[in-house]
Amino acid sequence: MESVGVLMPVPMSPYLEQELERRFNLLKLWTAPEKAEFLKAHSGAVRAVIGNAGNGADVGLIEALPELEIIASFSVGIDKVDLEKCREKGIRVTNTPDVLTDDVADLAIGLALGVLRRLCEADGYVRSGGWKNGDYKLTTKFTGKTVGIIGLGRIGKAVAKRVEAFSCPIAYYSRTEKPDLKYKYYPSVVELASNCDILVVVCPLTQETRHIINREVIDTLGPKGILINIGRGPHVDESELVSALLEGRLGGAGLDVYENEPDVPEQLFQLENVVLLPHVGSDTVETDTAMADLVIGNLEAHFLNKPLLTPVV
Ligand SMILES: O=CC(=O)O
């Protein structure tokens, strides 16, 4: 397979790069001084594209690569891949489900604890010597709070499992009720928000879930409510979130994702009731390796005419 052209538009994982380079003709778009020229020069050779959470494959890229057969995303979310175009052109698409579920679910708990117990601020209090002048202030308990989950897929269920260990009642919203689950179902996000203390967004980003967290949901969650977003930035109307936090209409937020990454609204930087992470949900050494192996497994399966391991299209 050494002659198969595999295009990687942006750097993602040194391990993935190294393993792709051992097997394929890896074309690193970001290293080219003139990207358009580079694409043109290699358009006939590229049979696979590696996507990720930030860079998928839009119509422009797909149309520019006439020999493209497969887009293997180094992410579970494939909202940056034009799936309709891929279906139309018979291009296969794969992602990396399951292997990252634990890390992303762990991080949701970390964010909830971070916001409620003010972990980052308290850490700063020690480092800056504040503790020498007095104890840190009281924070808010996590155990027992009602947690609402938007999207009860693999990661949503893993969040619920962890939250159960904190004796938190669990409720959820998803397109359809899941009768096999014992958690309370609400048929709308507003109803869920009015019945929980902590609202966790975990669903895939689609036309329907874009801005699923709008002003009404934020105001319903209210000044004691906490929003945790480990899904995608555009799930939340970010300017509404910022004004609600600045005006004290929302109790706090733990965010791993943003509408225009890597830009994060700077008004949030002064707020102690907000924990901001740079989209690191699945970024552990262990999961990076597992995701890379899955990307490679999918590519190898495809080029050996075997069934894909984790097909989306
Ligand atoms: O955001 C990360 C992913 O979709 O894997």
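In each ligand, atom 1 is the first atom listed, and ligand 1 is the first ligand listed. Scope of the values below: all heavy atoms of this structure, side chains included, with no hydrogens, waters or symmetry mates.
The closest side-chain donor-acceptor pair between S73 and N95, if any, does not fall under 3.5 angstrom. A donor-acceptor contact closer than 3.5 angstrom is absent between the side chains of S282 and D103.
Judged by distance alone, the side chain of H235 and the main-chain N or O of R232 form a donor-acceptor pair under 3.5 Å. Side chain of N214 to main chain of V217: a donor-acceptor pair is present (N/O by atom type, distance under 3.5 Å, no hydrogens or angles).
Taking distance alone, with nitrogen or oxygen atoms compared against 3.5 Å, T96 stays at or beyond that limit from ligand 1. At least one N or O atom of G77 sits closer than 3.5 Å to an N or O atom of ligand 1.
Residues T146 and N195 fail the side-chain proximity criterion, which asks for heavy atoms closer than 4.5 Å.
The aromatic ring centres of Y186 and Y172 sit 6.0 Å or more apart.
Using a 4.0 Å cut-off to heavy atoms of H279, the atoms of ligand 1 that qualify are 1 (O), 2 (C). Shown in contact with A53 at under 4.0 Å from a heavy atom are these atoms of ligand 1, numbered in order with element: 1 (O), 2 (C). Taking a cut-off of under 4.0 Å to the non-hydrogen atoms of L100, the atoms of ligand 1 that pass are 5 (O). Of all atoms in ligand 1, listed by their number and element, those nearer than 4.0 Å to a heavy atom of S75 are 3 (C), 4 (O), 5 (O).
In terms of protein heavy-atom proximity, atom 5 (O) of ligand 1 is nearest to V76 N, 2.8 Å.
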